Amino acid sequence: MAVSVLLALGLVGAGDSPGGASVPAENQPPESRPGPHTAPFLGLPPPRETRCTVSDILEPSCGVWWGASPYAGDVESLESAVDRNMDIVYTWRGIDQSDVPGERERRLIAQGRLVHTNIEARRFTRSGHPDIAYRDILAGRFDASLRSQARGVAELEVPYFITFDHEADGKNRYNNRGTPEEFVRAWRHIVDLYRAEGADNAIWVWNVTGWPGNVDRLPGLWPGNDYVDWISWEAYNMTGCDKMSNWDHVDSFEDALSPTYDWIQEEGPKHGIDPDKPVMIGEMGTTDIGPGETLKWYADIPDVLRRYERVRAVKLWDSKVSNGCDFRVQANEYARRGFELAGQDPYVHLPDRVRRLAEYAATRDRPRD
């Protein structure tokens, strides 16, 4: 059971009685209850903030973390273009790299962002980043670099999102680096190594593609509730993408999100998947579907998220597959404006007081089932 910190803890409100006992707002006479615009004038957080909590695995109770995998790693340019900071930045590293988190991840954290790193089963220390077989991970051939990573994460003393080999159900990965059973064993092996090195601040995010045609693969790739903190998948529209020749329709953000969401909620328990785990949309975006339509695709996201209460984090994939398959919001004014509008919505623009609670999450014990 995740432990939460109540944001209102220690705050003295205008409705407190003279003797110090707080009178619940619902028990105050209507004329004495602070209205929605009263609290800021009194120097108090708005009512929505006082009800927000953040769990030890960084699940917010009052909205959604908003983030990105920025083009060319330039998060500052993206933030400037959309007039807000990213809560989470996605980075990619290899299992053979000992210096994880590296200088970039440490800088992002020092600047107040959360970091989510995908640890690929590939050799990032070699040209071309060749694949690594899961059986080599299980044989312990990368234990030294993995232990070094774990110690680096532990030294951060802040929560750190980690995925092993994201999109393991994808057509280019499934049964490629190893069998589903070997993937599960490799995932558990890595988590066990991190825990043995004291990296209890690592938050494990199991990420899949979210393509409806791949859901039959998910049960065989599930590492188990004790080895996963968040569940994650992608939400894309790829109309006109030259890499997806049969994509001649338009999927809204909700169209892309809902099939896997519904499967997890309805079918997940049959396969030992806890549907109450928080959900992260690991990557999302649309190709150009016309000025108004592209803007609306992004601008509608917060209202969609309000209908899917388990989704607690969303990240933009701000990059391109090819010239004919471009998801960069700064390359499309209507995408940029839509993403900017969405990012200003209070549901995905968590108050600074809530964001600061993340700094304390690593100091709390995390009971294991």
Side-chain angles (χ1 to χ4, degrees), residues 69 90-97 100 116-124 128-143 145-146 149 160-194 202-236 238 243-244 256-257 259-261 263-264 267-268 270-275 277-284 311 313 315 317 319 321:
S69 175
Y90 204 16
T91 68
W92 274 262
R93 295 306 214 81
I95 277 185
D96 60 335
Q97 292 181 292
V100 178
H116 179 193
T117 296
N118 174 46
I119 304 294
E120 286 272 321
R122 296 164 64 191
R123 292 182 180 269
F124 273 43
H129 298 173
D131 286 355
I132 293 170
Y134 296 148
R135 63 176 176 272
D136 289 338
I137 298 170
L138 292 169
R141 294 175 185 171
F142 297 92
D143 282 6
S145 58
L146 287 167
Q149 292 175 12
Y160 195 95
F161 292 111
I162 300 179
T163 291
F164 165 59
D165 232 21
H166 85 162
E167 299 182 352
D169 61 319
K171 66 178 182 179
N172 294 326
R173 302 191 184 210
Y174 190 72
N175 270 326
N176 184 8
R177 296 169 183 170
T179 66
E181 188 268 342
E182 288 173 326
F183 168 82
V184 168
R185 289 173 56 207
W187 178 289
R188 293 176 177 175
H189 178 74
I190 293 168
V191 174
D192 286 341
L193 284 179
Y194 267 67
I203 300 171
W204 296 95
V205 183
W206 182 70
N207 174 271
V208 294
T209 65
W211 300 126
N214 288 348
V215 294
D216 289 345
R217 299 174 175 180
L218 303 189
L221 295 167
W222 179 244
N225 290 320
D226 291 345
Y227 286 87
V228 174
D229 296 308
W230 288 62
I231 297 173
S232 175
W233 62 89
E234 328 299 19
Y236 281 115
M238 296 186 174
K243 300 294 184 181
M244 303 289 286
L257 177 157
T260 300
Y261 187 97
W263 187 89
I264 293 291
E267 302 296 325
K270 301 175 185 177
H271 304 285
I273 301 174
D274 180 0
K277 288 187 179 292
V279 168
M280 178 184 296
I281 301 304
E283 298 176 356
M284 65 85 178
V311 181
K315 302 197 306 296
W317 192 65
S319 195
V321 177

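Predicted, not measured: the structure shown is a model, and the values here were computed from it. The figures here come from the full heavy-atom set of this structure, side chains too, leaving out hydrogens, waters and symmetry mates.
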Next item on the list: Applying side-chain contact (heavy atoms from CB on, under 4.5 Å) between K277 and each of V205, N225, I264, report the one that passes.
Entry: N225
Checklist line | Note, Y90 side chain near E283 side chain (heavy atom, < 4.5 Å) | finding: yes
Checklist line | Over all atoms of both residues, closest heavy-atom pair of G94 and I119 | finding: C-CG2, 4.1 Å
Next item on the list: Identify the residue among Y194, Y160, F161 that makes a ring pair (Phe, Tyr, Trp, His ring centres under 6.0 Å) with W204.
Entry: Y194
Margin query: To the closest 0.5 Å, what do you measure between CG (D274) and CG (D226)?
Written below: 10.5 Å
Checklist line | Main-chain N/O of P223 paired with R188 side-chain donor or acceptor, under 3.5 Å | finding: yes
Item checked: Polar side-chain atom of N118 near backbone of W92 as donor-acceptor pair, under 3.5 Å -> no
Notebook entry, point to check: Where do D131 and R122 come nearest, in terms of heavy atoms and distance?
Noted result: OD1-CG, 3.6 Å
Note to self: I'd like to check the salt bridge (charged side-chain N to carboxylate O under 4.0 Å, His left out) partners of K243; sequence neighbours left out, ordered by chain and number.
What the structure shows: none
Item checked: Step-by-step side chain to side chain contact (heavy atoms under 4.5 Å, CB included) determination, W230 to V279 -> CA-CA 6 Å; W230 288 62; V279 168; 5.8 Å; no
Checklist line | Heavy-atom side-chain proximity of I273 to W263 below 4.5 angstrom | finding: yes
Notebook entry, point to check: Mind checking whether K315 and W317 have side chains closer than 4.5 Å, heavy atoms only?
Noted result: no
Note to self: Parallel, tilted or perpendicular: which one describes the rings of F183 and F164, with boundaries at 30° and 60°?
What the structure shows: parallel
Item checked: Nearest heavy-atom neighbours spanning I132 and R177 -> O-CB, 3.7 Å
Next item on the list: Report the residue from H129, R173, R93, Q97 that forms a side chain to side chain donor-acceptor pair (under 3.5 Å) with E120.
Entry: R173
Next item on the list: Please confirm whether Y227 and W187 have ring centers closer than 6.0 angstrom.
Entry: no
Next item on the list: Kindly indicate whether the side chain of P259, heavy atoms from C-beta on, has any atom under 4.5 Å from the side chain of W211.
Entry: no
Next item on the list: Rounded to the nearest 0.5 Å, what's the gap from CZ on R185 to CD1 on I137? Could you check?
Entry: 11.5 Å
Item checked: Within-4.5 Å side-chain heavy-atom neighbours: N207 and M280 -> no
Note to self: Assess the residue pair N214 and V208 against the criterion (side chain to side chain contact (heavy atoms under 4.5 Å, CB included)); give the C-alpha distance rounded to whole Å, side-chain angles, the decisive distance to 0.1 Å, and a yes or no.
What the structure shows: CA-CA 9 Å; N214 288 348; V208 294; over 6 Å; no
Check: For the residue pair G272 and W222, what are the closest heavy atoms and their distance?
Finding: O-NE1, 3.3 Å
Note to self: Is there a side chain to side chain contact (heavy atoms under 4.5 Å, CB included) between F142 and L193? Walk through the geometry before answering.
What the structure shows: CA-CA 11 Å; F142 297 92; L193 284 179; over 6 Å; no
Item checked: Salt-bridge criterion met for D136 and R141 (N-O under 4.0 Å) -> yes
Checklist line | Exercise: identify the closest heavy-atom pair between D165 and A121 | finding: OD1-N, 3.0 Å
Next item on the list: Take D169 and T209, measure what side chain to side chain donor-acceptor pair (under 3.5 Å) needs, and give me the verdict at the end.
Entry: CA-CA 7 Å; D169 61 319; T209 65; 2.7 Å; yes
Next item on the list: Given side chain to side chain contact (heavy atoms under 4.5 Å, CB included), test I190 with I162 step by step and report yes or no.
Entry: CA-CA 11 Å; I190 293 168; I162 300 179; over 6 Å; no
Notebook entry, point to check: Got a second to check how far T179's OG1 is from R135's CZ, nearest 0.5 Å?
Noted result: 10.0 Å
Notebook entry, point to check: Any side-chain heavy atom of W206 within less than 4.5 Å of one from L218?
Noted result: yes
